[in-house]
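Since the structure comes first, as structure tokens, the remarks are kept for the end.
In what follows, chains are A, B, ... by sequence order, proteins preceding strands, each numbered from 1.
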Protein chains: 2
Amino acid sequence: MAIEPSELERIQSMVRHVQSLPSGDHLFRIGDQFTAIYAVRAGCIKSYSLDAVGHELVHGFHVRNELLGFDAVYPDRHRCNALILETCSVCVIPYRDIARLGAEFHSLQSQVMRLMSREFSRHLICAEGAGATQRTAIFLLDIQSRLRQQGAAKDEFRLPMSREDVSNYLGITAETLSRLMTKLQKIGLIDVDRRNIRVADCIRLERIAQGIR
Amino acid sequence: MAIEPSELERIQSMVRHVQSLPSGDHLFRIGDQFTAIYAVRAGCIKSYSLDAVGHELVHGFHVRNELLGFDAVYPDRHRCNALILETCSVCVIPYRDIARLGAEFHSLQSQVMRLMSREFSRHLICAEGAGATQRTAIFLLDIQSRLRQQGAAKDEFRLPMSREDVSNYLGITAETLSRLMTKLQKIGLIDVDRRNIRVADCIRLERIAQGIR
DNA sequence: CGGATGCTTGAAGCTGCTCAAGTGAAGTGG
DNA sequence: CCACTTCACTTGAGCAGCTTCAAGCATCCG
């Protein structure tokens, strides 16, 4: 969901507040009234919900220049919680303004729909992979390219979230994820040091992400 | 994605064509230019793509009063194929008209966004379930409630798609699905006769769908 | 230093997959 | 109308991948 700088500028014109939020805070919670879309300017936010048994179900992670809050467009209330993982600077874009300005500039309106579509399609990325190894590879490449846009080095980055968050997002256990990371390191595709990841062999990692072994 | 009759009337006013399509035809294919959103008036459509190995990946099924085509809003080209499973009557709603009319009546615009949001959120339903049994139960209850709205009996319905389609949608094999259907029948939750399903114990089926055993 | 937290590693078990055969309904041709 | 085929589905046996439960480490923080 990274958005074009030009698109972002346009959206910025609609911004009322820029909030600064410490890690551990919630930007919104399930059931909250839908009032705005949020654009992350710095930091990282996790959107999640809980299943019947109380297990966390991670829907996605949002970093710089990405949008969240579309989950509430239909039922008018948020369907998930948004937790700050790293201290955040967030633009608040009141939905009312989008609707109002959208009527005046209808190119803006279609832009919002495009962004919305892009946001949702990201949700499907990791569900696509068949095996756990493939999903892990997809995740690593996806988060790498997103973090690179916010100033990370070419092939080195630091995960803003815990292993447990990642494993919940991928629909596998933390233990399995840990084993897979070790495996990927052993065969020379990545270097892992806690949350610091270096992609050593991008080509082969991409091949695994595509399901080719 | 069933839409309110009143909403549908409004959208109908934008309709250019009503197409009639025989089963086996494609409504659109991957890569096709995005020109319109489609509303199903009768029949059933499967949206799917193929993975790297050539396996079918079913994104969803669309029955009466449901919309499809939002998959192309962002990249301007369709990301999946739409195959007619049962002879269809389909309203074609040119996207240009939505944008134009949306600018005039901005309540319509937010309605379209709501529908879009509703459409996408459905995609997540079956991904949520942890085990194969749970996903199967979720699917049966979901498709039951949707088919009921198009005139099916209270607890009896006929699946418009094959076991293979369903299993691809749920991310399990056809064999596993078959075994699970048999299991659900043995413990008295459903009656299965080929594609004809009767929900015998809705309460317990819902409990399984929620992950409570 | 002691404890907490987050990550890794190991062993055993279960779920769902693969491969393979069997069944039954619907359609085809003689 | 009946054998023959075909197709969709079911059923079975063995196996692999992932989970569960449990313990072991390292890092951070009081």
Side-chain angles (χ1 to χ4, degrees), chain A residues 23-24 44 46 51 53-58 83 85-86 126-127 129-140 158-187 190-198 208 211 213, chain B residues 23-24 44 46 51 53-58 83 85-86 126-127 129-140 158-187 190-198 208 211 213:
Chain A
S23 93
C44 181
K46 168 179 80 172
D51 67 10
V53 199
H55 293 139
E56 229 181 70
L57 210 151
V58 176
L83 177 73
L85 292 182
E86 290 178 331
C126 279
T133 311
Q134 188 180 350
R135 280 207 295 277
T136 303
I138 293 174
F139 171 77
L140 288 174
R158 181 181 167 77
L159 292 173
M161 72 294 285
S162 71
R163 294 282 192 279
E164 204 182 339
D165 285 337
V166 176
S167 63
N168 283 335
Y169 176 61
L170 297 177
I172 61 181
T173 60
E175 292 94 325
T176 298
L177 176 63
S178 181
R179 281 183 252 273
L180 291 176
M181 299 274 277
T182 312
K183 190 183 91 184
L184 290 176
Q185 182 167 36
K186 272 182 184 157
I187 60 180
I190 57 174
D191 285 337
V192 185
D193 169 31
R194 303 181 58 62
R195 292 194 182 176
N196 303 300
I197 312 282
R198 195 179 70 83
I208 287 181
R213 32 189 64 244
Chain B
S23 92
C44 181
K46 166 178 81 173
D51 68 10
V53 199
H55 292 139
E56 230 181 68
L57 209 151
V58 176
L83 177 71
L85 293 182
E86 290 178 332
C126 280
T133 311
Q134 187 180 353
R135 281 209 292 278
T136 304
I138 293 174
F139 171 77
L140 288 174
R158 182 182 166 76
L159 292 172
M161 72 294 284
S162 71
R163 293 284 192 279
E164 204 181 340
D165 285 336
V166 175
S167 63
N168 283 336
Y169 176 60
L170 296 177
I172 60 181
T173 60
E175 293 94 324
T176 297
L177 176 63
S178 182
R179 280 183 254 273
L180 291 177
M181 301 274 277
T182 312
K183 190 184 91 185
L184 290 177
Q185 181 167 36
K186 271 182 185 158
I187 60 181
I190 56 174
D191 285 337
V192 185
D193 170 32
R194 303 181 61 62
R195 293 194 183 178
N196 303 302
I197 311 283
R198 195 179 71 83
I208 287 181
R213 30 190 64 242

Output side-chain donor-acceptor pairs under 3.5 Å for residues 175-187 of chain A, partner residues at least two apart or in another chain, one line each.
from, atom 1, to, atom 2, distance (Å)
Thr176(A), OG1, Thr173(A), OG1, 2.9
Thr182(A), OG1, Ser178(A), O, 2.8
Lys183(A), NZ, Thr133(A), OG1, 3.3
Gln185(A), NE2, Val192(A), O, 3.4

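- Among all heavy-atom pairs drawn from Leu83(B) and Gly24(B), the shortest one is CD1-O, 3.3 Å.
- At its two ends the helix from dC1(C)-dG30(D) to dG30(C)-dC1(D) runs along axes set 30° apart, each axis drawn from five pairs and the angle rounded to 10°.
- Remark: P of dC7(C) and CG of Leu180(A) are 15 Å apart, rounded to the nearest angstrom.
- The two residues Ala174(A) and Glu164(A) make their nearest non-hydrogen contact at CB-CA, 4.4 Å.
- Atom-to-atom, CG of Leu170(B) to P of dT15(C) comes out at 18 Å; the value is rounded to the nearest Å.
- Protein atom CG of Asp165(A) is 13 Å distant from nucleotide atom C1' of dC7(C), rounded to whole Å.
- In this structure the side chain of Arg195(A) never reaches within 4.5 angstrom of the side chain of Pro160(A), judged on heavy atoms.
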Footprint string (nucleotides 8-14 of chain C, 5' to 3'): B base within contact, S backbone only, - free, heavy atoms under 4.0 Å = BBBB---

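- Running 5' to 3' along DNA chain D, contacts with non-hydrogen atoms of chain B at under 4.0 Å begin and end at dC9(D) to dA13(D).
- Every salt bridge (Lys or Arg N to Asp or Glu O under 4.0 Å) that Glu56(A) has, sequence neighbours left out, goes to Lys46(A).
- In this structure, Tyr169(B) and Val58(B) approach most closely via the heavy-atom pair CD1-O, 3.4 Å.
- The side-chain heavy atoms of Leu159(B) and Asp165(B), taken from C-beta on, include no pair separated by under 4.5 Å.
- Across the protein-nucleic acid pair, Gln134(A) atom CD and dC17(C) atom P stand 15 Å apart, rounded to whole Å.
- Across every non-hydrogen atom of Ile172(A) and Ala132(A), the tightest pair is CG2-CB, 3.8 Å.
- Taking the side-chain hydrogen bond (donor to acceptor under 3.5 Å, both in side chains) definition, one finds that Arg198(B) meets it with Asp191(B), sequence neighbours left out.
- Under the 3.5 Å distance criterion, the side-chain polar atoms of Arg135(B) are matched with a main-chain donor or acceptor of Leu170(B).
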